[in-house]
Number of protein chains: 2
Amino acid sequence: MKLSQGVEWGLHCVVLLAQDPDGAPVSRRTLAQQFALPETYLAKHLQALVRSGVLQATSGPKGGFRLARPPEEITALDVLEAIEGSASPFVCQEIRQRGTGGVPPEECRLPCTVSSVMAAAHEAWRASLRGVTVAEIRERLPKNVRERDVRATAPG
Amino acid sequence: MKLSQGVEWGLHCVVLLAQDPDGAPVSRRTLAQQFALPETYLAKHLQALVRSGVLQATSGPKGGFRLARPPEEITALDVLEAIEGSASPFVCQEIRQRGTGGVPPEECRLPCTVSSVMAAAHEAWRASLRGVTVAEIRERLPKNVRERDVRATAPG
DNA sequence: GCCGCGCTACTCGGATAAGCCATGTCCGAGTTGAGTTGG
DNA sequence: CCAACTCAACTCGGACATGGCTTATCCGAGTAGCGCGGC
């Protein structure tokens, strides 16, 4: 199991944008240079965040990205599932129905026990991420990082 | 993020073996036929379970796999990390140190906030899986599945 | 009848090829701002 | 001096190559049971 590194990029970018919610949009070039990331590939993930309604994009000069909602209403889970997708990492293949002595479909209305255990773990994971907002992350940042982010959101 | 389907296979096989902890070993062929899985590929995952000390393998005729510990002492997390590896799905690339205004390394002793949030979620996930033993899964199985498993562990 | 030996068949284990998704990149469409020119 | 037009540069957005990991497979090493032959 491996998480796309775009998740890290997206979280850092969203937190950075949260430093200045009502300010001017920040271009993807600025964001990429801020973390020394490949600009065009970062753009791919930013697009995903726009599609999910986390970010809002503006075209043209002085354009860029800004938060679509107040940072208090954006959870880490929102960012993660925007980039990584909301599908469960565990997909039950219903192997209980296959092979020797397979269980007939009419007895498989309820999800299999193994699947339930995995689903519970996934939900615990989601709940943990849902309980943290971007605003909270912003407030937990050390002073130096915060100053750096503010500097990045400043135009020029 | 996608979880290897070997996890599902491994869990089902371990639960099946838990139906008869002190019985004769079950060969990988029997296990594969039981769920209609590719035998040699299933073997790869079973090997991983042996390496992690979850299963115990026996060679020769009448050989096969059996649990290395009582099912009460095997958690879903043990099985999962044996197959999937125990590495965290989120690997912090320390991008805060890179790019314009990168934070110097001496100020990065503590893990970055984003990384901490992800680590907490991962720990919640692990805790959920650690709280479920194979014995508990076995007891939650419907009657028909349980009978099917017992039949599979019976020699012949 | 009993013991020892060899064989066979079955088991696991590691090394070896394809397929798919994450990664990385490029170019095109759209939009806004500034500069210029005419009134 | 003001307004409208043109241009140009900058932005995002979607379509196109590449690499690594999951998937899938094969063959070899080892072992235990079974049959056979000798005593």
Interatomic distance, A:Lys2 NZ vs D:dG19 C1' [rounded to whole Å]: 11 Å
Rounding to a whole Å, what distance do you find between B:Leu3:CG and C:dC20:C1'? 17 Å
Is there a side-chain contact between A:Tyr41 and the phosphate of C:dT23, meaning an N or O under 4.0 Å from OP1 or OP2? yes
For D:dG14, take OP1 and OP2 only and decide whether either is under 4.0 Å from a side-chain N or O of A:Arg51. yes
Could you tell me how far apart A:Phe65 (CZ) and D:dC10 (C1') are, to the nearest whole angstrom? 13 Å
Please check if the distance between the ring centroids of B:His12 and B:Phe35 is under 6.0 Å. yes
Under 4.0 Å between a side-chain N/O of B:Gln5 and OP1 or OP2 of D:dA24, yes or no? yes
Counting side-chain heavy atoms from C-beta on, which of C:dT11, C:dT23, D:dG13 comes nearest to B:Arg29? C:dT11
Identify the two heavy atoms, one from A:Arg148 and one from B:Ile95, that lie closest to each other, and give their separation to 0.1 Å. NH2-O, 4.2 Å
Counting heavy atoms from C-beta on, name the nucleotide in D:dC12, C:dG24, D:dG33 closest to the side chain of B:Lys62. D:dG33
Between B:Arg69 (side chain only) and B:Ile74 (backbone N and O only), is there a donor and an acceptor less than 3.5 Å apart? no
Of the candidate nucleotides C:dG13, D:dG13, D:dT25, which contains the atom at the shortest distance from the side chain of A:Ala57? D:dG13
DNA chain C nearest-nucleotide lookup for A:Thr58 and A:His45: closer to the 5′ end is A:His45
Expressed in angstrom and rounded to an integer, what is the separation of B:Leu42 atom CG from D:dT25 atom P? 12 Å
In whole angstrom, give the distance that lies between atom CZ of B:Arg28 and atom P of D:dC26. 12 Å
Check whether the side chains of A:Ser27 and A:Thr30 place a donor and an acceptor atom closer than 3.5 Å, and report yes or no. yes
Please state whether the phosphate of C:dG14, meaning OP1 or OP2, lies under 4.0 angstrom from any side-chain nitrogen or oxygen of B:Gln47. yes
To the nearest Å, how far apart are A:Gln56 CD and D:dT11 P? 18 Å
Nearest-nucleotide pick for B:Ser59, side chain only, options being C:dT23, D:dG13, D:dT31: D:dT31
Would you mind telling me which of D:dG13, D:dC16, D:dT23 lies closest to the side-chain atoms of A:Lys44? D:dC16
Identify which nucleotide among C:dC12, D:dA32, C:dC27 has an atom closest to any side-chain atom of B:Pro61, counting heavy atoms from C-beta outward. D:dA32
Euclidean distance, atom CG of residue A:Leu31 to atom P of D:dT11 [Å, nearest integer]: 11 Å
Distance-only side-chain donor-acceptor flag, B:Glu94 / B:Gln97, under 3.5 Å: yes
Take the protein atom CD of A:Glu84 and the nucleotide atom C1' of C:dC21, then report the distance between them rounded to whole Å. 11 Å
Any B:Thr40 side-chain nitrogen or oxygen under 4.0 Å from OP1 or OP2 of D:dC26: no
Nearest to the A:Ser27 side chain among D:dA24, D:dT11, C:dT11, which nucleotide is it? D:dT11
Counting N and O atoms only, with roles assigned by atom type, does the side chain of A:Thr153 sit under 3.5 Å from a partner on the main chain of A:Val150, one being a donor and the other an acceptor? yes
